Amino acid sequence: MGISATTTPAWRAGPLRGLRMQSSGPQGLDGGLVAEHLRLLGAEGIRSLGSRIALTGAGLGEVAARMAWGDGVGDEATVQAATGVMAVHGRRDGSPRGLAVDYVATATGVLVVQGLLAGLLAQVRGGRARSVEVTAQRAALLAVSQYLAAAGAEEGEAAELASGGPPFTSADGTIFELEALDPGVWASFWRALNAPEEALRQGWRPFQFRYATACAPFSAVLHEVVRANTWERIRAAAGAAGADVCRVRSVKERAAEHDGAPPWSFSGHDATYTSRPADGGPLSGLIVLEAGRRIQAPLTAHLLGLLGAEVVRIEPPGGDPLRGMPPTCSGVSARWLALNRGKKAVELDIKSPAGRDWLRAMAAEADVFLHNWAPGRAARLGLDREHLAAANPALVYAHTSGWAGRMPNAPMGTDFMVQARTGVGEAARPAGEPPVPSLMTLLDVLGGLLGAEAILAGLLLRERTGRGVRVDSSLLGAADVLTAPAHARAAQGLSPRRPAGFRRPLPTADGWLAPTDADAAGAAVHNLSHLPAEQALNVLHSRGLTAVPVITDLADLLSTGTVTRDTHGAPAVPDPWSFV
């Protein structure tokens with residue numbers, strides 16, 4: 001990405017044009033990702049960063065970031081174990097499993113870039129944020145915050161936590177994901193395949209709540225039904241019912257079609273913008289309008305709120321139905337609070353002319369408008385970038401989507417379908433295991449992090465150019481960021497998958513242990529299954545091997561002192577950044 005203002009429009013040069021990266025300390029958690037994202041945003045400098053990163057130049061003071069693993073953990077495997085990531089990812093299989101991708105390190109790298117952008121924003125707006133620290137431990141807690149909130153709620157789960165769930169396998173061996181957002185569509189699909197009525201009726205609720213529970217223990221009969229039908233027959237049944245099915249593809253297939261686009265894009269429009277000083281957090285005094293559902297967009301807005309912005313949710317008449325989704329704390333969904341606490345809400349019927357007029361009027365006073373509507377809906381409603389820019393040319397208009405318009409003939413842009421289509425299902429599992437997408441919402445969370453990164457970059461770009469900006473981010477971009485190391489291995493002629501048994505916890509008499517990646521081979525030769533976890537740890541430590549206990553019940557994290565409670569009594573994880 002160029003930085004010359006004489007040949008490239010300022011917004012194309014990137015918000016970090018004229019700045020240089022500097023680094024010190026040992027190799028960082030994901031210094032390569034941080035360096036790549038800073039470079040894509042216009043900075044110059046080295047390609048791999050240590051644990052301390054600084055940006056200087058362009059008439060700004062230095063802003064620095066430090067990244068570390070956290071207390072009691074020292075690598076990806078141990079941080080996944082100690083924060084509940086292994087437990088959540090393993091729910092489908094009935095025991096904790098490590099993600100074969102460096103999910104926490106990736107999330108930490110994106111949060112580091114966010115911290116640097118927020119620090120620069122604070123400086124440009126007269127604030128004093130000069131440095132930020134991000135730990136992988138806090139990044140991981142953020143990633144499981146919804147599941148953790150549910151574990152600490154005052155009532156039980158909406159659906160059973162037990163092993164089972166998609167994907168499915170057809171009679172001719174095709175592994176595929178299914179998506180149906182409506183019970184009628186679900187029922188029509190299974191009836192077309194002659195599934196028993198009782199099995200399809202009982203299967204809807206666990207399937208519907210798999211986003212929330214990371215498992216779907218429906219009857220094995222449904223798996224037997226699809227195994228009796230060919231892939232072509234299954235595709236026809238889905239098409240007739242209005243459901244979506246997607247074959248689980250490999251990393252190599254995705255690499256072959258990858259267009260090389262960055263995980264977000266920016267486009268500018270004319271504006272006259274006067275900066276307003278920050279008197280609190282980096283985004284204090286800024287207003288974010290959010291019209292989002294589920295996870296991706298609400299998480300993006302939640303992060304902006306943690307940085308000081310005033311976030312106003314646009315909800316349908318009657319309010320967001322997910323507010324009442326069990327389990328609840330003081331009558332409000334614990335999961336909903338994990339992403340939406342502290343936000344204001346305005347109920348608008350945007351299908352009506354009066355509702356749309358209200359939204360345009362609100363956008364005229366806002367700094368950011370964020371939505372995750374289906375492609376084309378904003379234009380049909382007269383609420384696309386050009387419509388809102390007419391009322392507020394300095395607006396940062398943000399769309400978080402599934403595919404960002406980059407995937408022709410793409411299936412529905414939901415987390416599990418994007419995992420299936422982009423090879424995440426293969427990359428997340430080591431060799432020797434079927435390529436199964438995780439039922440932990442990997443991409444919704446990472447997509448939300450990338451959405452916040454993109455908006456922070458857009459806000460900084462607005463400060464430096466005086467122009468309004470459109471920013472687009474997507475689950476597809478999140479998938480490509482997460483699988484980039486697997487793509488690199490494939491490009492070198494290596495297997496994109498990690499070896500069999502990679503990050504598989506070791507059973508003990510009363511739990512599980514997770515050795516570091518470096519010590520996994522040495523730890524695996526010891527039979528620890530007859531020993532209590534504490535004794536098993538002592539055995540490994542006496543041999544110079546490092547491991548940590550695996551958190552299997554997320555409620556255990558509530559007593560660590562790291563997780564607090566909000567005013568509703570719901571568990572709340574700490575902010576991922578610490579600014580100085």
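In this text, all values refer to a predicted model and were calculated from it rather than measured experimentally.
- At distances below 3.5 Å, at least one donor-acceptor pair connects side-chain atoms of Thr300 with backbone N or O atoms of Gln296.
- Looking at Glu155 and Thr328, their side chains do bring a donor and an acceptor atom within 3.5 Å of each other.
- For Trp204 and Phe189, the ring centers sit 6.0 Å or farther from each other.
- Remark: Asp349 does not engage Arg356 in a salt bridge, criterion side-chain N to carboxylate O under 4.0 Å.
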### Query
Yes or no on salt bridge (Lys or Arg N to Asp or Glu O under 4.0 Å) for Arg249 and Glu426, after CA distance, side-chain angles and deciding distance?
CA-CA 8 Å; Arg249 299 186 182 227; Glu426 182 186 51; over 6 Å; no
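- The pair Glu177-Arg421 does not count as a salt bridge, with every side-chain nitrogen at least 4.0 angstrom from each carboxylate oxygen.
- Looking at Arg503, its side chain does come within 3.5 Å of a backbone N or O of Leu99 through a donor-acceptor pair.
- The two residues Pro96 and Val550 make their nearest non-hydrogen contact at CB-CG1, 3.8 Å.
- A side-chain donor from one of Thr441 and Tyr147 sits under 3.5 Å from a side-chain acceptor of the other.
- Taken to the nearest 0.5 Å, the CH2 atom of Trp373 stands 6.0 Å off from the CG atom of Leu381.
- Arg313 and Asn340 share a side-chain donor-acceptor pair at under 3.5 Å.
- The minimum heavy-atom distance between Thr108 and Ala139, with the atom names listed, is OG1-CB, 3.4 Å.
- Taking CZ of Arg323 as the reference point, atom CG of Leu337 lies at 8.5 Å (rounded to 0.5 Å).
- With respect to the salt-bridge test (charged N to carboxylate O, under 4.0 angstrom), the residues Lys343 and Asp320 do not qualify.
- Side-chain contact check for Trp69 and Gln137: no donor-acceptor pair (N or O, by modelled atom type) lies under 3.5 Å.
- Taking the six-membered ring where the residue is Trp, the centroids of His371 and Phe369 are separated by under 6.0 Å.
- Pro411 and Cys246 make their closest contact through CG-SG, 4.0 Å (heavy atoms, listed as atom of the first residue, atom of the second, distance).
- Here the two rings, on His399 and Trp264, have centers that are 6.0 Å apart or farther.
- Taking both residues in full, the closest heavy atoms of Ala536 and Thr508 are given as CB-CG2, 3.9 Å, listed atom of the first, atom of the second, then distance.
- For the residue pair Asp93/Ser95, the side-chain donor-acceptor check at 3.5 Å is not satisfied.
- In summary, of the residues considered (Asp102, Val104, Asp517), a side chain to side chain contact (heavy atoms under 4.5 Å, CB included) with Asp75 occurs for Asp517 alone.
- If you take CD1 on Ile314 and CD1 on Ile350, they are separated by 8.5 Å, rounding to the nearest 0.5 Å.
- Stacking of Arg210 on the aromatic ring of Phe416 is not recorded, the 6.0 Å distance cut-off and the 45° axial limit not both being met.
- Atoms CG and CG, from Asn372 and Leu475 in turn, are 9.0 Å apart once rounded to the nearest 0.5 Å.
- With hydrogens and angles ignored, the 3.5 Å screen pairs no side-chain donor or acceptor of Gln146 with any backbone N or O of Ala338.
- Counting heavy atoms of neighbouring residues, nucleotides and ligands inside a 6.0 Å radius, atom CH2 of Trp358 does not exceed 12 of them.
- Of the charged side-chain nitrogens involved, at least one lies within less than 4.0 Å of a carboxylate oxygen, so that Glu433 and Arg504 count as a salt-bridged pair.
- Using a cutoff of 4.0 Å between basic side-chain nitrogens and carboxylate oxygens, Glu133 and Arg138 are not scored as salt-bridged.
- Salt bridge absent: Glu160 and Arg205 never bring a charged side-chain N and a carboxylate O closer than 4.0 Å.
- Remark: Arg294 does not engage Asp444 in a salt bridge, criterion side-chain N to carboxylate O under 4.0 Å.
- Of the inter-residue distances, the one linking Ser188 atom OG with Asp182 atom CG reads 8.5 Å to the nearest 0.5 angstrom.
- Between the CG atom in Leu450 and the CG atom in Asp472 there is a gap of 13.0 Å [rounded to 0.5 Å].
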